[in-house]
Amino acid sequence: MFEVRDRRAKDAIERLKVIEEKWQKWWEEEHIYEADPDPSKPKFFVTFPYPYVNAFPHLGSAFTILRVDITARYKRMRGYNVLFPQGWHATGGPIMAAALRLREGDPKIIWTLLSMGVGDDELEKFKDPKYWVFYFTKGWKRDLKRYGMSIDWRREFYTTYLNPYYSKFVQWQYLRLKEKGLVDKGEHPVVWCPKEKKVVGDHDRPDEYAGISPTEAVIIKFRTEDGTVFPALTYRPETVFGVTNVWVNPEAEYLTAIVDGEKWIINEYASRELADQKHEVKVVGRVRGVDLLGIMVQNPVDGRWVPVLPASFVDPDMGTGVVMSVPAHAPFDYRGLLDLQERPDLLERYGLDPSIVRGLKPIPLIRLEGYSEIPARDAVEKRGVKSQEERWALEAATKEIYTKEYHTGILLEITGRWAGMKVSEAKEEITDWLVSRGDAVRVYTLPERVYCRCGARTHVKIVSDQWFLLYSKPEWKRLAHRAVDRMKFYPETLRAEFHKLIDWYKDWAFTHRNELGTPLPWDESWVIESLSDSTIYMAYYTIAKYLQHPEKYGIRPEQLVPEVFDYIFKGVGDVEKVSERTGIPASLLKQMREEFLYWYPVDLRISGKDLIQNHLVFFIFHHTALFEEKHWPRGIGVNGWVLLRGEKMSKQKGNFILLRQALDLWGADATRWAEIMGGGDPGLDDANFEPDVAEKAALELEEWIRFASENYNADAREEYTTVDMWFESVMNRLIAETTDHMEETKYKSALVTGYYHLQAAYRWYIRRAGRPNKDLLRKFIETQTLLIAPFAPHTAEEVWHRIGKKGSIVFAEWPEADTSKIRPEIEAAEEILKAVIEDAREIMKFVEKPRRLKVIVAAGWKYNVLTAVLRHRQEGKPLKDSIREALRELEGQVPKREIGNLVKLLVKYPEVLSRLTPRDVEMRHLKEAADFIARELGLEEAIVIAEEESTDQKKKIALPGKPALVLE
RNA sequence: GCGGGGGUGCCCGAGCCUGGCCAAAGGGGUCGGGCUUAGGACCCGAUGGCGUAGGCCUGCGUGGGUUCAAAUCCCACCCCCCGCACCA
């Protein structure tokens with residue numbers, strides 16, 4: 001699918017790969033990225049959310065972790081002691097489900113594994129979920145190393161009971177949360193497989209059923225004279241006021257069942273679903289739908305008697321199989337009723353007298369702007385629907401009417417005390433009222449059929465003794481808000497978003513079954529679900545170095561009683577006693593405590609935007625519950641996905657690249673480069689990876705190695721000229737700008753500024769100066785290499801050594817902008833020069849064979865005026881006022897008859913204010929560049945003269961920063 | 001629906017917070033020139049329309065508004081993307 005076609009790029013990449021491997025090996029041997037507490041240095045702790053290890057990293061995950069690595073590298077160069085650890089996430093269902101599916105021989109799983117390079121002979125091993133964890137953990141680590149990640153691998157770990165050390169840590173967390181009253185037991189609706197008796201997550205279903213979750217619905221009871229209940233399931237209980245009849249499917253079979261002591265007519269599906277939702281259901285008989293027709297039932301809200309009628313659109317397998325009919329507001333009902341009225345044979349077929357529907361008319365109960373009294377009729381007629389069999393059109397009509405009525409519909413008089421209210425406001429109240437009268441029951445159901453992977457039809461079950469994290473608690477929310485107030489966000493707009501999310505969060509069901517994870521400490525039949533075991537594990541990194549290495553520190557999992565973590569993370573308890581109780585040496589406990597205190601809190605957590613609404617909120621919540629305020633997170637950075645050639649990556653479409661494939665194709669540095677160039681600034685926009693950019697990057701990087709090593713000690717010019725002054729100014733300014741971008745994690749901007757702009761400046765410098773100044777050339781080579789070091793660390797390290805620097809560039813000092821070298825007036829003068837050349841080019845289009853250019857620099861008094869104007873502008877005055885003020889100040893010092901002309905020019909070219917520079921500087925600069933101008937334009941000569949000395953008529957249009965030009 | 005992000009020149013993409021230097025950075029593509037045995041490599045120029053002196057006109061989703069001045073600020077509308085809880 002992807003290949004490097006360009007021959008030169010291909011060769012360059014191969015050479016770069018050799019260099020990359022060399023330095024990776026060296027870094028590892030030197031333990032460069034292993035960070036231990038060092039009180040003499042400030043620390044910086046940066047993390048990437050541990051990935052779920054059911055596949056290898058692709059360009060998307062690689063992008064986010066690259067932003068973490070760049071942060072780590074930059075901070076090291078700024079003198080920080082940086083901790084960048086990495087762990088692996090195995091908690092949850094997908095791996096388990098995939099392993100089970102493989103045992104069943106699912107071709108999709110086989111294909112997925114084979115496409116990631118798993119050998120045929122190895123497939124067998126993946127039937128064990130553990131193998132997935134080990135296999136992909138290893139794979140990730142290998143890929144990240146090749147990618148040049150500056151990770152301290154001593155702190156690596158994975159989750160679940162497979163790692164008892166980590167499980168102990170998670171259990172400590174939940175024991176303490178429970179003590180604080182932040183977890184509780186409750187009920188929770190889930191999608192349930194009655195055959196396998198388990199919750200059916202997305203990974204347990206065929207793809208077409210993914211994403212469908214339980215929705216709230218209401219069953220309204222329509223009773224016959226003898227009390228038999230026709231339970232109509234509806235999403236719109238408020239429309240009960242407009243019921244004209246009840247529908248059943250005449251071809252279906254119904255059950256009679258005793259539900260909570262009443263006799264109900266329901267379908268098989270509802271009998272199962274209700275039984276799983278705390279209702280007592282006892283099936284006592286069966287009845288054909290056709291035999292229910294014509295029965296009269298009573299509308300509970302107004303006592304009207306309405307008939308049970310046949311409708312083919314009633315799905316006998318959904319809901320209860322009984323539907324209430326509101327023809328004024330439900331297109332299906334409207335059309336269904338019309339069918340019966342227009343075609344008496346439909347009724348006669350079931351032995352019903354057509355007179356039964358003669359008097360039935362839609363009963364409006366909602367007023368909807370832009371529609372008649374009967375919106376359902378409008379929607380049906382608009383689409384020309386002729387029969388209830390036209391499902392698709394009726395679905396569309398239903399969607400239209402439901403949505404509009406819900407949001408803008410107003411209830412009519414017929415609804416009694418709700419008249420005048422909006423549907424969206426009255427709905428819940430009406431439901432409560434119906435329920436309180438015993439005329440309705442709240443239930444959960446699925447809006448569509450959902451099948452389990454095992455083939456069974458699922459329904460909604462209410463799970464009891466489900467455990468919840470009580471995010472709804474106001475005290476907890478308050479703490480979380482406070483944390484958000486104190487944090488730094490990249491981009492800053494995230495702050496408001498997090499405040500909203502914290503308010504929005506309700507309680508979270510945090511225990512699952514049949515998944516990998518850590519057992520709930522007080523009820524091991526549950527496992528703590530994946531988001532909930534990943535909230536504060538950054539603290540675990542600080543001590544994973546000790547816990548995960550029993551060969552070195554001798555700690556066993558069973559020694560990790562809760563008191564150990566209390567002591568390490570909170571300083572609670574007596575260390576000697578904890579030591580005595582656990583057998584862990586007190587000195588080691590103290591060391592871990594010290595290490596935690598040194599590294600914590602997390603300074604910056606960088607993640608993809610997908611984790612904003614879940615993990616990152618949990619991350620904040622749990623820290624505030626468990627840690628002292630000084631240990632709450634300090635920063636969050638977020639970035640978008642990675643598109644590949646402008647499209648979402650998708651295995652199906654074939655535009656999908658694993659990190660390892662990218663590394664094979666372009667090597668580490670070029671891949672990193674292209675990822676950042678695709679959109680490395682923080683934010684919610686997606687980045688776009690272009691393979692061509694990676695190829696180009698490889699060429700540029702190799703070129704830089706060549707250029708730097710050939711020129712660092714090369715012979716160059718000794719004297720220091722104005723042009724050198726210009727380049728030195730630009731270089732320092734670009735350093736400052738790049739540094740600002742780095743601080744904001746705007747890595748694309750930093751790379752554009754620190755590399756592309758600097759390179760462009762150097763090119764112009766050479767064009768201007770011919771040969772570079774010797775000192776500046778060296779400075780340029782050093783600066784450029786340092787500025788790209790976080791992005792292309794291997795290339796930078798190579799250059800660093802080739803030019804004879806000692807030590808690793810990893811710890812080299814980030815360039816400091818020398819602000820004394822930044823000379824705005826020189827840069828402005830250079831801008832003027834460029835403008836002169838550009839303008840002259842424009843004029844040359846119209847002049848035949850010019851030989852000479854006269855550059856007429858504006859008269860001195862004009863500079864005085866503009867200087868004053870600029871001063872007023874900078875005070876915030878509008879342009880016009882600034883000019884007026886300036887002229888008033890300088891009254892008598894300017895030639896009156898020329899004022900009008902100057903004002904006109906200034907209004908036309910306000911940009912000259914931005915490059916206003918002292919007249920002598922402009923004059924000198926242009927004079928020195930006269931030969932250059934002539935050369936650039938292909939003229940014999942260019943001369944620079946003052947307006948005062950010129951006799952040309954043109955001289956009048958000269959402005960400071962925009963000399964008059966005369967070509968002859 | 002709720003919440004969030006976005007619509008810029010042939011394409012990608014910066015700018016928008018802090019209005020004028022924005023016909024709008026930088027790439028890519030295309031065209032022309034240079035270098036060269038050749039080049040997909042490198043360098044220079046052009047790339048909305050018109051224009052025989054540096055100009056004029058049109059223009060940053062659509063329609064209004066504020067302002068001496070708007071891609072940038074305000075209002076309304078249209079369109080696209082993402083999340084909404086057992087998917088990590």
Side-chain angles (χ1 to χ4, degrees), chain A residues 5-9 49 51-52 54 89 91-95 188-191 199-204 210-211 213-214 402-403 406-407 424 463 466 491-494 496-497 500-501 504-515 529-532 534 609-615 640-641 643 645-646 648 677-679 681 683-686 688 690 692-693 696 699 703 748-749 752-753 756-757 760 763 766-767 828 831 835-836 838-848 850 873 878-881 883 907-916 936 954 957 961-962 964-967:
Chain A
R5 285 219 183 73
D6 184 277
R7 194 50 222 235
R8 284 184 64 255
Y52 188 65
N54 65 339
H89 200 206
T91 311
I95 288 176
H188 189 61
V190 294
V191 179
V199 180
V200 182
D202 276 354
H203 50 267
D204 298 314
S213 47
Y402 277 26
T403 308
Y406 180 77
H407 295 284
S424 54
V463 176
Q466 168 72 55
E492 173 59 33
T493 52
L494 285 177
E497 172 76 359
K500 272 186 201 154
L501 283 165
W504 171 80
Y505 253 93
K506 300 191 283 272
D507 295 342
W508 178 267
F510 77 92
T511 50
H512 285 185
R513 287 198 158 113
N514 308 307
E515 293 185 352
E529 65 85 38
S530 63
L531 284 165
S532 306
S534 312
K609 62 182 176 183
D610 49 328
L611 300 187
I612 295 173
Q613 284 107 326
N614 43 60
H615 164 70
W641 316 119
L643 306 178
R645 284 186 177 149
K648 205 167 174 166
M677 284 308 291
D681 286 2
L684 303 176
D685 292 349
D686 295 336
N688 182 26
E690 291 283 350
D692 291 351
V693 174
K696 187 120 191 269
L699 290 167
E703 169 62 15
K748 177 183 173 176
S749 302
V752 167
T753 310
Y756 287 99
H757 289 179
R763 242 176 286 137
I766 293 306
R767 194 162 148 191
E831 288 311 302
V836 164
E838 227 168 273
D839 281 354
R841 272 213 179 92
E842 178 80 4
I843 302 166
M844 282 169 72
K845 287 190 210 162
F846 308 107
V847 181
E848 269 187 59
R873 282 288 297 140
L879 182 60
K880 272 189 173 171
D881 297 350
I883 296 172
V907 169
K908 195 167 173 183
Y909 305 109
E911 72 267 19
V912 295
L913 284 171
S914 70
R915 56 177 189 241
L916 181 63
E936 282 287 308
K954 274 272 163 199
I957 68 163
K962 191 172 172 62
L965 303 179
V966 177
L967 272 158

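Residue numbers start from 1 in every chain, and the chains themselves are labelled A, B, ... in the order their sequence lines are given, proteins ahead of strands.
Counting any heavy atom pair closer than 4.0 Å across all strands shown, Ile612(A) reaches no nucleic acid atom. At a threshold of 4.0 angstrom between heavy atoms, the contacts of His615(A) with the nucleic acid are absent.
Between rC43(B) and Arg763(A), a contact under 4.0 Å exists linking OP1 or OP2 to a side-chain N or O. The phosphate of rC21(B) (OP1 or OP2) has no side-chain N or O of Lys962(A) nearer than 4.0 angstrom. OP1 and OP2 of rC42(B) both lie 4.0 Å or more from every side-chain N or O belonging to Arg767(A). For the OP1/OP2 pair of rG28(B) and a distance below 4.0 Å, the side-chain nitrogens and oxygens of Lys696(A) include at least one atom meeting the criterion. When the side-chain nitrogen and oxygen atoms of Tyr909(A) are compared with OP1 and OP2 of rA69(B), none of them lie within a distance under 4.0 Å.
Using Watson-Crick or G-U wobble geometry with both donor-acceptor distances under 3.5 Å, rA69(B) finds no partner in any strand shown. The base-pairing partner of rU30(B), taking Watson-Crick or G-U wobble contacts with both distances under 3.5 Å, is rA46(B).
Counting distance only, with no hydrogens placed and no angle test, the side-chain atoms of Glu690(A) and the base atoms of rG13(B) include no donor-acceptor pair under 3.5 Å.
Distances from the side chain of Lys908(A) to the nucleotides rG3(B), rG13(B), rG55(B) place rG55(B) closest. Here the nucleotide nearest the side chain of Lys954(A), chosen from rG5(B), rA53(B), rC12(B), is rA53(B).
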